[in-house]
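Data first, discussion second: the structure below is written as structure tokens.
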2 protein chains.
Amino acid sequence: MSSKLFVSAQEVAEKAGVSRSAVSRTFTPGASVSAETRRRVLEAAEALGYHVNHLARGLMRNESGIVCLIVSDVATPYRSALLRELTIQLQNAGKVAMFINTDRSDGSVDRALQQAIRYRADASIILSGLPDKSITQLCLRNGQRLVLINRDDDQPGPLKINLDDFESGGRIATAFVRAGCRVLAFANSEAGTPSLMRRERGFVAAAAKLGLDVTVERHGSTGYEAGKVLAQRMLTRAERPDAVFCATDLLACGLMDAARHQFGLSVPRQLCVAGFDDIEQASWSSFDLTTFAQPVMTIATRAVEWLGSGRDDATSEVEHSVRLTAELIWRGSIRAG
Amino acid sequence: MSSKLFVSAQEVAEKAGVSRSAVSRTFTPGASVSAETRRRVLEAAEALGYHVNHLARGLMRNESGIVCLIVSDVATPYRSALLRELTIQLQNAGKVAMFINTDRSDGSVDRALQQAIRYRADASIILSGLPDKSITQLCLRNGQRLVLINRDDDQPGPLKINLDDFESGGRIATAFVRAGCRVLAFANSEAGTPSLMRRERGFVAAAAKLGLDVTVERHGSTGYEAGKVLAQRMLTRAERPDAVFCATDLLACGLMDAARHQFGLSVPRQLCVAGFDDIEQASWSSFDLTTFAQPVMTIATRAVEWLGSGRDDATSEVEHSVRLTAELIWRGSIRAG
DNA sequence: ATTGCGATTGCACACACGTGCAAGCGGATG
DNA sequence: CATCCGCTTGCACGTGTGTGCAATCGCAAT
């Protein structure tokens, strides 16, 4: 029946009695169109339900307006919060977010970037995994901007946004000691993600400076279940820790739950706990977790600002790197000094 | 310097010593190309880093491969889980997800759909809000498929996926009564979302059949904080409820936390609680929440399958509606009968 | 009346791709 | 050898848009 396709600028032009160029100019800010023609075009467009075809526009302008978000573990609280902020700010900047999930194999980050190239994305923001150097080069050579968030990589070209993980580890160590803790432990995943390893090393180093050893335990992913397992391992040791810094809030939640419900320990009286990310659950009264807040809003702002910044090749050779500090959110999982 | 744009099929053709058509056919499944030309084309493409321009391809085929996901409150556990499943399945079906966040005003759902039209999305999946009928018609007229998930709407054309919310309310009411509860309550948000209202009405109706009244309290959004407020209101009543069905797991978590930590109540001994969604936190031992699981995987499967199904106009007039049942996940927040 | 000038408009081309059509080519059959 | 047939391949056109260039138009000044 009405297998009519999308309405094109040509049809609008005919209905308005003007040339197709006039239609195009009407929808191009800053183009030269008289008020009268503009009015007639807009009227016809409204009547016909015309919308500029961004595929064709992107083809012409060599600028699709698409920004790819490459993510795994979207269902994780921290990831989804960051995703939320990024999409909102991208939209405010007139871009549109294309979402690529890399929950499968690890090489899929490369395939994701290829997808980004196929759709001529103006930029790609990588939240998970690390692309192969050859793919990165391919993207840059094609004029595609790249942003790496909390990914460690020394390739020049992409914008790299990182936190002061190492220093955070140090700050929490002194907080533990000030609270009277003597047996410190660090709970990590066994993924070996660089940012998590920096937290670990910062914590261990600071503790050493304070004359304390740290028992490090690593297991599984960065989720709740892994936290429970880590609690099993740590809290059955001969010398039971009285303070645990967890690489992630989810780990901390699992560890706290196990400590309380399986080992009958009281937090923070018998066990102090700290996490990282400041996910929403950290503020729930069941956890009331002292943790470091990822500056999600700032991360998104910086990334989007940089995407909008000039395309001048002059700066394309310098090292783009941003270091943000994670704010310590003081709650009740560490007893007062 | 190397302000070279993306490499086009033309350049590949020249390097391979064939016509541009040959290149195009090489990347079009089912086209007629000899093995030899195909090899040379692929070789040249690899060397130059060529990738088919999906914008141009979409322009030709009238099929962009883009599917729009229109969502608000992405950072919510249930939403992000559904989002995860949808993106994975869309990718497996050869589509790519475009993400539109509608966290702002309510009319923004319409603007989101306009964005979908501009990018000539093959389909849009709406997880939040409800578009205006005129926009819906515009989408359908342009051949764009529409999927509404847990949105109530009687417009023909879109695929509507819903749950048996009303019956779920009934099932949990009998479970409460069987557990010996006598004073029932329902905790809802004041948003008035149809699916939430169905849960409420189903619960109230079933309770009435069992000869029991239900005090209904509504407040704020569907989040944790609202649950705490609702607990304040309910647990200070003269006749304190001994069973609360919450429209949402997040509400239930907030309510449980307040009941325990502010009112010193024991769950489930003094207060039985049930939720809806089966978010990950519901299984955490701090909550151990009995709840209904949204069949996230099935929802995504059905949606993506329908998108891939034939474009025949024969079925375009029939009512597309899917009703799924939410499975009751029995945990420890309701005492055993 | 002629000239000059700025604003507007239409033509035509470019963007990167898919595909129908006809030409070419090789081989097999009569 | 002529004919036919199937497989390839190049040409040319179409998809919807932005934009440089030249033409046109209106208006004021000479």
Side-chain angles (χ1 to χ4, degrees), chain A residues 3-42 44-45 48-66 117-122 142-144, chain B residues 3-42 44-45 48-66 117-122 142-144:
Chain A
S3 73
K4 185 71 182 49
L5 275 323
F6 289 84
V7 23
S8 75
Q10 180 64 47
E11 310 176 39
V12 177
E14 286 166 9
K15 182 173 184 92
V18 298
S19 83
R20 196 185 55 72
S21 309
V23 178
S24 184
R25 284 190 241 266
T26 300
F27 292 99
T28 303
S32 165
V33 204
S34 76
E36 170 61 11
T37 9
R38 175 184 211 80
R39 192 190 59 73
R40 294 174 60 184
V41 167
L42 287 178
L48 266 54
Y50 170 74
H51 290 265
V52 178
N53 186 335
H54 274 47
L55 300 183
R57 165 178 287 189
L59 198 55
M60 266 298 303
R61 290 198 183 157
N62 266 327
E63 185 176 343
S64 60
I66 297 175
I117 292 182
R118 290 198 199 94
Y119 278 96
R120 297 304 189 255
D122 298 337
N142 288 344
Q144 184 169 126
Chain B
S3 73
K4 184 76 179 50
L5 276 322
F6 289 84
V7 24
S8 74
Q10 180 64 46
E11 311 177 39
V12 177
E14 285 166 10
K15 182 172 182 94
V18 298
S19 83
R20 197 186 55 72
S21 309
V23 178
S24 186
R25 283 190 242 266
T26 300
F27 292 99
T28 304
S32 166
V33 204
S34 76
E36 171 62 12
T37 3
R38 173 182 213 81
R39 193 190 56 74
R40 294 174 60 185
V41 168
L42 287 178
L48 266 54
Y50 169 75
H51 290 265
V52 177
N53 186 333
H54 273 48
L55 301 184
R57 166 177 286 188
L59 199 54
M60 263 300 301
R61 292 199 181 157
N62 266 326
E63 185 177 344
S64 60
I66 296 175
I117 292 182
R118 290 197 198 93
Y119 278 97
R120 298 303 189 256
D122 298 339
N142 288 343
Q144 185 169 124

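A note on names: the letters A, B, ... follow the listed sequences, proteins ahead of strands, and every chain is numbered from 1.
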Any side-chain heavy-atom pair of [X] and [Y] under 4.5 Å:
X: B:Leu55; Y: B:Tyr119; answer: no
X: B:Thr26; Y: B:Thr37; answer: no
X: A:Met60; Y: A:Arg57; answer: no
X: B:Gln10; Y: B:Glu14; answer: yes
X: B:Ile117; Y: A:Tyr50; answer: no

Using a 4.0 Å heavy-atom cut-off, does [X] contact any base of the nucleic acid, only the sugar-phosphate backbone, or nothing at all?
X: B:Phe27; answer: nothing
X: B:Ser32; answer: base
X: B:Thr28; answer: sugar-phosphate
X: A:Ser34; answer: sugar-phosphate
X: B:Val52; answer: sugar-phosphate

Tell me the interatomic distance from [X], atom [atom1], to [N], atom [atom2], rounded to whole angstroms.
X: A:Glu14; N: D:dG16; atom1: CD; atom2: C1'; result: 14 Å
X: A:Arg120; N: C:dC17; atom1: CZ; atom2: C1'; result: 10 Å
X: A:Leu55; N: C:dC17; atom1: CG; atom2: P; result: 14 Å
X: A:Arg57; N: C:dC15; atom1: CZ; atom2: P; result: 19 Å
X: A:Gln10; N: D:dG14; atom1: CD; atom2: P; result: 12 Å
X: B:Phe6; N: C:dA14; atom1: CZ; atom2: P; result: 22 Å
X: B:Arg61; N: C:dA16; atom1: CZ; atom2: C1'; result: 13 Å
X: B:Asn53; N: D:dT15; atom1: CG; atom2: P; result: 18 Å

Item to check | Phosphate-side-chain proximity, A:Thr37 and C:dT9, N/O vs OP1/OP2 below 4.0 Å | outcome: yes
Checklist entry - Think A:Tyr50 has a side-chain N or O under 4.0 angstrom from the OP1 or OP2 of D:dT17? => result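 So the side-chain polar atoms of A:Tyr50 do come within 4.0 Å of the phosphate oxygens OP1 or OP2 of D:dT17, strictly under.
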Checklist entry - Want to settle it: does B:His54 or B:Arg25 sit nearer the 5' end of DNA chain C, counting the closest nucleotide to each? => result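 So the residue in question is B:His54.
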Next on the checklist: What's the separation between atom OG1 in B:Thr28 and atom CZ in B:Arg61, rounded to the nearest 0.5 Å?
Outcome noted: 5.5 Å
Checklist entry - Is there a donor N/O on one and an acceptor N/O on the other, under 3.5 Å, for the side chain of B:Ser21 and the base of D:dC11? => result yes
Checklist entry - Do A:Gln144 side-chain atoms and A:Ala121 backbone N/O form a donor-acceptor pair below 3.5 Å? => result yes
Item to check | A:Arg40 side-chain N/O to A:Ala16 backbone N/O, donor-acceptor pair under 3.5 Å | outcome: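 Flag set: sc A:Arg40 to bb A:Ala16 pair under 3.5 Å.
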Item to check | Inter-axis angle, terminal five-pair segments of the helix from C:dA1-D:dT30 to C:dG30-D:dC1 [nearest 10°] | outcome: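 So the angle between the two local helix axes works out to 60°.
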Checklist entry - Pick the nucleotide of DNA chain D nearest each of B:Arg20 and B:Asn62; which residue has the one closer to the 5' end? => result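 The residue closer to the strand's 5' end, by nearest nucleotide, is B:Arg20.
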Checklist entry - When you match B:Ala56 and B:Ser19 each to their closest nucleotide on DNA chain D, which lands nearer the 5' end? => result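 First, find each residue's nearest nucleotide; the 5'-ward one identifies B:Ser19.
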Item to check | Among C:dT9, C:dC17, D:dG16, the one nearest A:Leu59 by side-chain distance | outcome: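 Taking heavy atoms from C-beta onward, the closest nucleotide is D:dG16.
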